[in-house]
Structure formats: C-alpha cells, structure tokens
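Working notes for the structure below.
We name chains A, B, ... by the order of the sequence lines, and we start the count at 1 in each one. Note that the coordinates shown come from a computational prediction; the quantities given were computed from them, not determined experimentally.
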Amino acid sequence: MYQEAYRAVETVLKDATGATDVLLGDGGEHADLASTIAFALAKTEKKSPVLIAGEITAAITDTLAAAGITVSTTGPYINFIFGPAYVAGVVKAASRPGYGCLAAVPGRVCIEHTSANPNGPLHVGHIRNSVIGDTLSRVFRKAGYDIDVQYYLNDMGRQIAIVSWGFDHLDIPQNEDEKDDHYVARVYVAANHALKADPSIKEEIDRRMGLIEQGDPETVEKFRRAVSLCAEGIKVTLNRLGAPHDRFVWESGFVQDGSMVEILDRVEALPESSHDDILAVDLTAFGFEKEYVLRRSDGTSVYAARDLAYHVWKGEHFDRLINVLGADHKLIGAQLQATMKLLGEKVPEIVFFEFVSLPEGSMSTRAGKFISADELIDEVTKKAFDEVTIRRPELPEEERRAIAVSVAIGAVRYDIVRVSQEKSTVFDWRQALDFERQSAPYIQYSHARACSILEKAGEFTPAYEFTTESEIALAKQIGLFPVVLRTVVNELRPHHLAIYARDLADLFNTFYHTDPVLKAEAGVRDARLTLVRAAQNTLSEVLETLGIDAIRSM
RNA sequence: GGGCUUGUGGCCUAGCCUGGAUAAGGCGUUAGCCUCCUAAGUUAAUGAUCAGGGGUUCAAAUCCCCUCAAGCCCGCCA
C-alpha cells in the first residue's frame, strides 16, 4: 500500500519538475510524505522556493486527487496526505493473518549468530548477539527469505584445552542443580587460576592443542565431552530466549574432513601468501598492516584457518552469508572478508555490535566476572511474576507463571534490541527490571488490551470508514509495518523494528483513550472494531517478529 | 602510536547513512486522571549551547576537518 502511494507521488513529482531526485521524504507531523524539491529548484529557476512550491502543487493537485492523495504547501514544503482509500486498504490488509509477509525471495541465506566459545554460559554480552541475530533471522523469514541459522562451535580452541585440563586435574564436583555450562565455567575459571599460579601447566595445554589438531582419539574425546556439556547448556539458554539455531557447526569438522588443509593449499598458491615457516596472507592492499596468520611455525593451524574453511563451506551451500559479531572481531572479520575475496569466494556480510559492560567494567568469562543470561532471565521472571500477582491475583498460579515468562523474555529481548547496535551499553539491573513504557510489557499490554476488546465485542461487520485523528494515525502506522521490515533487511539494523513496535503501541493507546470502541454508535463501533482487529493482528505479528510472545491476557 | 565506534535535557534512548518546517520519546521530579473497553495505562508541568571549535550550504544534531572524552582492536589467542 505505502509503496504504491509513494511511487505515485514520486512519479507525478518527477513529471512535474523534471528532476531525477524529487527529495521526497517522511512528512513527520505535517504529512505522510513531504518534498523539499522547491529549495533545490530555487537556484536554477531564480524564484523563491515558496513560489515554486505553490506552482508545483497547483500543477499536480488534480492528478494526485484522482489517486486519493491530497497535496498542499506550507511555505516551501510540498506536503502529501494519503486519503481514506489508502487507510481502508491498509486496515483491510492488516486484518489478515500473516500481515507484513513480503514476497518470497529466491536463494538461501545463512545467518550465523552467537557462536560464543563453549567455556561457560552465555552472559549478558553474548545475548546481545543472540537477540540481534535472532531478530534479524525472524525479519528475514518474514520478508520472504529462506534462511538457515547457524552457531559455529569453537570446539578446538585454547580455552577448551584449558577446560579439559581442568576436568582431568582439578577435582571439582558439579553442584546440585548446577547447569552444565555454569559448571564448565567454574572449571575454566579454576583452571585459569591454576595456570596463573603454575606456568608450567602451559606446556600441557600446548601439548593438548597439538594432539587435538592431529586428531588424537583420546584428546578428541576429552574435548568433545567438555564442549558438548557446555553447548547443551547454551542451547537451553538460547531456547529460553526464543533464539534457537537450525544447526550447530563444529569447528573441528573442517580439520577432520580435510577441507581446512585444502583451503590452506589454495591460500598458499595466492601471490599474497607468505610462507617462511608460517603461512600468512599479506593484506596491505586492503589497508591492513598486520599479516593474517593461518598456520603457526610448528605446523598447527590457528582459528582463522578453520574459520576460512567454514566460510568456504557456507558459500557452497548458501547464496548470502550474514554473520553477527562483536565489535572486538572487526579486524579479524575484515581480514576474513578480504581473504575470501582473494580466494574468489563468497564474501560474508558482517553485522557488528558494540560491547555490553558492567558498571564496574568489562565482562570476562575467564575471570568469572559476568552476569549470565540465565541469572538475568531468572531475576526478570521473578519480578514479572510478582507484578502479575499484584495485578491479577485471581488468575491461577500456572497462568501467572506463564505470563511472567512471556513478559520476562520479552523484556530482556526488547531491552537489548531497542538500542542501535553501534552503541556500547552498560548493563543496568534497574532498567532490565523496568516494565513500564518503552519496554516489551508495554507493547504486550497494548496487544492484550486489543484482544480484550475484541473478545468482549463478539461478532461484528467489518467497516472501513475512519474519521478521527487517532484512528487515522493508528491506521497509517499499521501501514508502515512492511516498510520497516524492508528497512531492517536493507540496513541489517533490527532496532528499527523495536522503535516501530513502540510507536505502534503508543498510537494504539492514544486511540484507546480518545475513541471508545464498544460504546460507540453502531456504524462507528464496527469501524473501530475493525481497526482494533487490524492493530491487534499487526501488534501480534510485530511482537512475533521481535521474538516476543503476543500474549492475549496479562 | 595507528585503526574502528560512540558523545543528544540530571539519567537512558530515537533522529545522523539519504541536510530542510518549533530536536522526538522514556526514566526522574511536580500536579492531576480508575461509578469509563485491563492504571504494565494516561494528562500536564519541568528540563537540551545536539561534547567543543572550525568549514561546506539558502539551510547542519545530520556532511567535511581539527580537538577533547569513553569503549573496542592492533597475538604464531579465539
């Protein structure tokens, strides 16, 4: 709907002015669309922008009126307001299940996110990755893409060698009710302590690193056990968050099946490769000072080599690769992209997000200095349960628990996704536990209100005549949903959807307070109920796309 | 030292890419609103030299340069 209206205005403006860019943009509070083309034409036409705007408006008013679009000027601005036909069309479209879905796009997209090292549970920094990646995945699906979501499991890194050493040498029993990934973290922290106290342990770690690369069965089994234990715990957390993966890809697989060696051979053949005793790629042509090391002088490979093999594999199976990575991977990510380009392979697109730190400083799994995602979810759920109990004491406990979980997960996810990814943040308990405005519960609450009205209303005959300011503003915001989805896909910035959801809830609440629905007279009642249904359906679709439960009662 | 990112009322955030109409929300504070569709709501008041300086432009929070501050990176770690 919006696209068509936009194009109609753009075409007419182009015809009238002869300009290639008619400077058409959001009209804000003034209009649905506005053009500042009059400013640009002022110089060449040697007339005042106000005059030009008036002339253009006079020339196009009739044409656009036929399309149901009103044109007017305010000073030099040309404003366009979409009429009743547009509003009715939007409400009709938004009433259908699945509203917002875009036409299927050919090709497969691989989205990799989270991929945290399996040496401990996910913490509040990791889940920024999960939430951005999962929201992006949901938006892509809704926008018609065939996607596969992957977690790359670094199962042969140094930390895993340290964890396996800890399991062998430190007698640390698992606590009762202790989640496996939390147990692994405890062993990892203790092993690091031991390593610090006795540097000779490093030799044993190095030995394990060599053995794992050679595929020594006993070492492989030790690593596999530790990694599995941790990964299963991580999966539980991701499922709680509603951010599951289609598959976990084990890094060691690319060593075992020989594909890494194959890639290293190809790298070796590159004119940019240098191999005295090590294998590295010279990326100065791409502006990198440091060379990209892939194989150590002792013959073992580094992480980057396996990562390269993983991406070549992904390139064989997918048409588009998207990785979500923390800002600390900016350099290594750019080096990977450059090397993929040199190899003539598909270059992954990388979505970077900045760090989440604690008020007392940055987080560290090794130092045991972090707030785990599980702890966060537990605390928020507890608070949510208390809140539901205060508000709805009459509900059975089971139902209150279910609502609390939906509210908590929503609150956690929304709190993360609403901030644009290039901004570093400081974790704040007070904010995490705030369920008031600009939070998921606020949006969920609007949805529940809409559901409640519809339930009380019963059957009604759809009607599409809207007259009040609140009705029209709400309908127009509903019409923007597909536009926002496209923006998120184009820019790979999911926070736009979060902001959109909040604005939609705001407009629904304004409508709710200014325009009575159930008590309105017959004709108006039908139209308002139709609008409530469209709003409810849109809120539900938006929340779902954000990975937040659209609960019907709270 | 070099590179990347950020800096918007007391606090948190949107707007910045694609320059234009009184800089938009929330938290906080103050004063209101439940015989009325769920008050996780809502009305109003309060509060901003858009880090600082320079430049481009008819027009700069937005683009360019410099300075300052914060975070991250610059391993034969991952």
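- Residue-level contact check: A/Phe39 touches the bases, meaning some heavy atom is under 4.0 Å from a base atom.
- Nearest to the side-chain atoms of A/Glu289 among the listed nucleotides B/C37, B/G2, B/G15 stands B/G2.
- If you check every strand for non-hydrogen atoms under 4.0 Å, A/Val388 touches a base.
- Side-chain nitrogen and oxygen atoms of A/Lys330 include none within less than 4.0 Å of the OP1 or OP2 phosphate oxygen of B/C72.
- The CZ atom of A/Arg493 sits 11 Å away from the C1' atom of B/G15 (whole-angstrom rounding).
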Between the protein and nucleotides 34-36 of chain B, list the N/O to N/O atom pairs that are separated by less than 3.5 angstrom.
residue	atom	partner	partner atom	Å
B/C36	O2'	A/Lys519	NZ	3.2

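- Protein atom CZ of A/Arg437 is 14 Å distant from nucleotide atom P of B/A39, rounded to whole Å.
- The residue A/Ser553 sits close to a base: some heavy atom pair falls under 4.0 Å.
- When rounded to the nearest whole Å, the span between NZ of A/Lys456 and C1' of B/U38 equals 7 Å.
- When the P atom of B/U38 is taken as reference, atom CD of A/Glu387 falls 19 Å away, rounded to whole Å.
- Taking every side-chain heavy atom of A/Met554 into account, B/A40 is the closest of B/A40, B/U22, B/C27.
- Rounded to an integer number of Å, the gap from A/Gln421 CD to B/U13 C1' is 15 Å.
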